[in-house]
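Just below is one structure, and these are the notes that go with it.
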Amino acid sequence: INRLKGMIIFHYFYTQIIRSMKIALLTVGKTDRDWVKQGLDIYMARLKHYIPFSINEIPELKNVSALSKDQIKTREGELILKNIKPTDDVILLDEHGKEYSSVEFASLLQKKISYEGKDIVFVIGGAYGFSEAVYKRANSKISLSRMTFSHQMVRLFLIEQVYRAMTILRGEPYHHE
């Protein structure tokens, strides 16, 4: 009985920690595919039972034909940095980032939730990637795959993996090994 009480108390405090922090997805460009929006809506509804999750879309730059790739990345980087708090744990989705299995990703999120307690912001950059300033601000980089995906699809893949991680951490039957 004492062990059960301890587990209940741990679960209560762990739930309170999760509820007090947030996970956000910050993207450059709007979600412009209806089927992606529908998928995001499905996983947003599912995630609300586990942790506050939000999506913040930075509009794409206009009139950029005269700008170089580096100038575009710099301007997008300024907009990204304006949307990040100094206390946020910033994780870039980057082709050179570390790859995780779903279970490893769940473990990473559990560590960040349990020990660090900071809000987590996943960032998907523009077509040309991130500026040096954004790389310097980032706490880490992850890659969802060595393959290249559209920025639209990556949004959906990431939110599904966050949902999957939450079900893994709770021992729910969504994920199968």
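Being a predicted model, the structure only gives us computed values, none of them experimental.
- By the neighbour-count criterion of 12 heavy atoms within 6.0 Å, atom CZ of Arg137 is densely surrounded, having more than that number from other residues, nucleotides or ligands.
- Side chain of Gln71 to main chain of Ser68: a donor-acceptor pair is present (N/O by atom type, distance under 3.5 Å, no hydrogens or angles).
- Side-chain atoms of Lys112 and Leu108, non-hydrogen and from C-beta on, do get closer than 4.5 Å to each other.
- The side-chain heavy atoms of Leu25 and Asn56, taken from C-beta on, include no pair separated by under 4.5 Å.
- When hydrophobic side chains of Ile, Leu, Val, Met, Phe, Trp and Tyr are connected at separations under 4.5 Å, Val90 ends up clustered with Leu26, Val28, Ile58, Leu61, Val64, Leu67, Ile72, Leu79, Ile80, Leu81, Ile84, Leu92, Val121, Val123, Tyr128, Phe130, Val134, Tyr135.
- Residues Asp119 and Ile23 fail the side-chain proximity criterion, which asks for heavy atoms closer than 4.5 Å.
- Aromatic ring centroids of Tyr50 and Tyr163 lie under 6.0 Å apart.
- Remark: Ile168 CD1 to Ser107 OG distance equals 10.0 Å, nearest 0.5 Å.
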Ignoring hydrogens and angles, write down the donor-acceptor pairs under 3.5 Å from the side chains of residues 33-41, residues two or more places apart or on other chains.
none

Exercise for the section: Please report the C-alpha distance between Ile120 and Met21 in whole Å, then the side-chain angles of each, then the deciding distance to 0.1 Å, and finally whether the side-chain contact (heavy atoms from CB on, under 4.5 Å) criterion is met. Expected result: CA-CA 8 Å; Ile120 299 170; Met21 64 173 295; 3.9 Å; yes

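- The shortest side-chain heavy-atom distance between Phe53 and Met44 falls under the 4.5 Å cut-off.
- At a threshold of 4.0 Å, the pair Lys118-Asp88 does not count as salt-bridged, since none of the basic side-chain nitrogens sits closer than that to a carboxylate oxygen.
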Pair up each side-chain donor or acceptor in residues 151-160 with any protein partner under 3.5 Å, not counting sequence neighbours, and list the distances.
unit_1, atom_1, unit_2, atom_2, d
His151, ND1, Gly125, O, 2.8
Gln152, OE1, Asp32, N, 2.9
Gln152, NE2, Lys30, O, 3.0
Gln152, NE2, Asp32, OD1, 3.4
Arg155, NE, His151, O, 3.2
Arg155, NH1, Thr27, OG1, 3.3
Arg155, NH1, Gly29, O, 3.2
Arg155, NH1, Thr31, OG1, 2.9
Arg155, NH1, Glu57, OE2, 3.2
Arg155, NH2, Gly29, O, 3.1
Glu160, OE2, Arg164, NE, 3.1
Glu160, OE2, Arg164, NH2, 2.9
Glu160, OE2, Tyr174, OH, 2.8

Exercise for the section: Under the side-chain contact (heavy atoms from CB on, under 4.5 Å) rule, what do Ile91 and Lys141 come out as? Steps first, then yes or no, please. Expected result: CA-CA 5 Å; Ile91 303 172; Lys141 300 182 294 187; over 6 Å; no

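- When only modelled atom types and interatomic distance are considered, Gln161 and Ser102 share a side-chain donor-acceptor pair under 3.5 Å.
- Proximity of Ile142 to Phe105: side-chain heavy atoms (C-beta onward) are separated by under 4.5 Å at one or more points.
- The CE atom of Met166 lies 14.0 Å from the NE2 atom of His49; values are rounded to the nearest 0.5 Å.
- The shortest non-hydrogen separation linking Gly97 to Ser143 is O-CB, 3.5 Å.
- Scanning all heavy atoms of the two residues, the minimum distance from Ser131 to Gly77 falls at OG-CA, 3.6 Å.
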